[in-house]
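Just below is one structure, and these are the notes that go with it.
As a basis for the values below, the full set of heavy atoms in this structure was taken, side chains included, without hydrogen atoms, waters or symmetry mates.
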Amino acid sequence: MTDTLSPLSVSDWDPTLGAIAEDMGGMPINVHKLMAHNPALLKAWWSFRNHSVQGGTLGPRLGELVILRVGIQLAAWYEWGSHVDRSLRCGLSLDEINRVLQRDVSTVWAKDEAALLEAVDELVEDHALSRAMRLRLAEHFSVEQILDIIAIHGMYVILGCMIRSWGLELDDAVNARIEEHTTPESFAAAATAFHAR
């Protein structure tokens with residue numbers, strides 16, 4: 001039933017998903033297990049996922065900034081927690097990660113990264129980049145990179161909607177790695193402040 005949907009144990013996955021389970025070392029995370037209820041979707045999504053999670057032409061750092069900003073925009077704790085973990089591993093500092101939680105980025109980020117974060121805000125809130133934002137982004141990013149900003153944001157909006165629809169729990173292993181840096185309670189307070197305007 002769709003009123004409750006839990007992550008599907010790998011032992012119950014459709015056999016056609018074997019390559020994806022193997023790609024994750026036999027231990028896919030909960031969001032993959034949730035999507036496994038629709039094997040065709042998970043298979044079609046996987047290449048896009050691999051492109052997006054590496055940041056595409058943006059590279060890991062900027063890609064993670066896009067994903068973190070989507071996470072706070074959607075108030076999606078699972079997405080935020082998972083990508084605090086990934087962001088720390090790709091070189092972002094905890095201070096930088098926490099600055100993504102601030103609505104005003106103009107004074108605390110370099111011009112290119114401020115534009116990137118504000119572009120994500122426009123995409124989530126307006127579902128488009130304004131002409132002014134496109135021109136601003138063009139000062140720092142190639143056409144390929146701008147397309148990746150839009151695409152990666154979209155990938156994680158999809159995931160955030162799935163996560164929030166079924167209240168997906170953060171994976172225990174991820175939670176253990178980040179619990180000293182962030183908690184559901186501190187994130188919820190930050191999300192409330194972010195959206196209070």
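Taking NE2 of His83 as the start and SG of Cys90 as the end, the distance is 10.0 Å to the nearest 0.5 Å. To the nearest 0.5 Å, atom CZ of residue Phe187 and atom CG of residue Leu170 are 11.0 Å apart. Rounding to the nearest 0.5 angstrom, the gap separating the CG atom in Leu5 from the CH2 atom in Trp166 is 5.5 Å. Ile150 contributes atom CD1, which lies 4.5 Å from atom CG of Leu129 (distance to the nearest 0.5 angstrom). Atom NE2 of His140 sits about 10.5 Å away from atom CD of Glu113, to the nearest 0.5 Å. Atoms CD and CD, from Glu64 and Gln54 in turn, are 9.0 Å apart once rounded to the nearest 0.5 Å.
Remark: the backbone N or O of Val105 is not paired with any side-chain donor or acceptor of Arg99 at under 3.5 angstrom. The main-chain N or O of Phe48 is found under 3.5 Å from a side-chain atom of Ser52 such that the two form a donor-acceptor pair. Between the side chain of Asp126 and the main chain of Ala128, no donor-acceptor pair closer than 3.5 Å is present. A donor-acceptor pair under 3.5 Å is formed between the side chain of Glu122 and the backbone N or O of Ser130. Put simply, the side chain of Trp80 never gets that close to the backbone of Ile72: no donor and acceptor are under 3.5 Å apart. Without hydrogens or angle criteria, His37 side chain to Ser6 main chain gives a donor-acceptor distance under 3.5 Å. Checked by atom type and distance alone, the side chain of Asn30 never pairs as donor or acceptor with a backbone atom of Pro7 at under 3.5 Å.
In this structure, Ile20 and Pro28 have side chains that are not in contact, with every pair of non-hydrogen atoms separated by 4.5 Å or more. Considering only heavy atoms from C-beta on, Arg86 comes within 4.5 Å of Val53 through its side chain. At a threshold of 4.5 Å between non-hydrogen side-chain atoms, the residues Trp46 and Leu17 do not count as touching. Using a 4.5 Å heavy-atom cutoff, the side chains of Asp171 and Tyr78 are in contact. With contacts defined as side-chain heavy-atom distances shorter than 4.5 Å, the pair Trp77/Thr182 qualifies. Between Leu101 and Phe194 there is no side-chain heavy-atom pair separated by less than 4.5 Å. Residues Glu79 and Val31 fail the side-chain proximity criterion, which asks for heavy atoms closer than 4.5 Å. In this structure the side chain of Leu116 reaches within 4.5 angstrom of the side chain of Phe141, judged on heavy atoms.
Taking 4.0 Å as the cut-off between side-chain N and carboxylate O, Arg61 and Glu96 count as a salt-bridged pair. Between Arg136 and Glu118 there is a salt bridge, since at least one side-chain N of the basic residue sits less than 4.0 Å from a carboxylate O of the acidic one.
The nearest pair of heavy atoms linking Ser106 to Asp104 is OG-OD1, 2.8 Å. Taking each heavy atom of Leu8 and Ala36 in turn, the nearest pair found is CD2-O, 3.9 Å. A pairwise comparison of heavy atoms in Leu137 and Ala119 identifies CD1-CB, 3.9 Å as the closest pair. Considering all non-hydrogen atoms of both residues, Arg69 and Gln102 come closest at NH1-O, 2.8 Å. The shortest non-hydrogen separation linking Leu74 to Gly160 is CD1-CA, 3.8 Å.
Checked against salt bridge (charged side-chain N to carboxylate O under 4.0 Å, His left out), Arg164 has no partners two or more places apart in sequence or in another chain.
Counting non-hydrogen atoms of neighbouring residues, nucleotides and ligands closer than 6.0 angstrom, the CG atom of Asp172 reaches no more than 12 such neighbours.
With Gln73 as reference, Glu125 is the one residue of Glu125, His153, His195 to meet the side-chain hydrogen bond (donor to acceptor under 3.5 Å, both in side chains) rule.
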Side chain to side chain contact (heavy atoms under 4.5 Å, CB included) between Arg134 and Ile146, intermediate numbers included
CA-CA 8 Å; Arg134 294 195 311 272; Ile146 294 169; 5.8 Å; no
Between Thr16 and Asp14, does a side-chain hydrogen bond (donor to acceptor under 3.5 Å, both in side chains) hold up when you go through it step by step?
CA-CA 5 Å; Thr16 63; Asp14 186 285; 2.6 Å; yes
Would you please test Trp45 and Leu159 for side chain to side chain contact (heavy atoms under 4.5 Å, CB included) and show each step?
CA-CA 11 Å; Trp45 176 79; Leu159 293 182; 3.5 Å; yes
Under the side chain to side chain contact (heavy atoms under 4.5 Å, CB included) rule, what do Asp148 and Leu62 come out as? Steps first, then yes or no, please.
CA-CA 10 Å; Asp148 267 334; Leu62 296 179; over 6 Å; no
Show your working on side chain to side chain contact (heavy atoms under 4.5 Å, CB included) between Leu42 and Arg49 and close with a plain yes or no.
CA-CA 9 Å; Leu42 182 54; Arg49 175 263 178 198; over 6 Å; no
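Following chains of ILVMFWY side-chain contacts shorter than 4.5 Å, one cannot reach Leu147 starting from Ile152, and the two form parts of different hydrophobic clusters.
A salt bridge (charged side-chain N to carboxylate O under 4.0 Å, His left out) check over residues 22-36, counting only residues at least two apart or in different chains, returns nothing.
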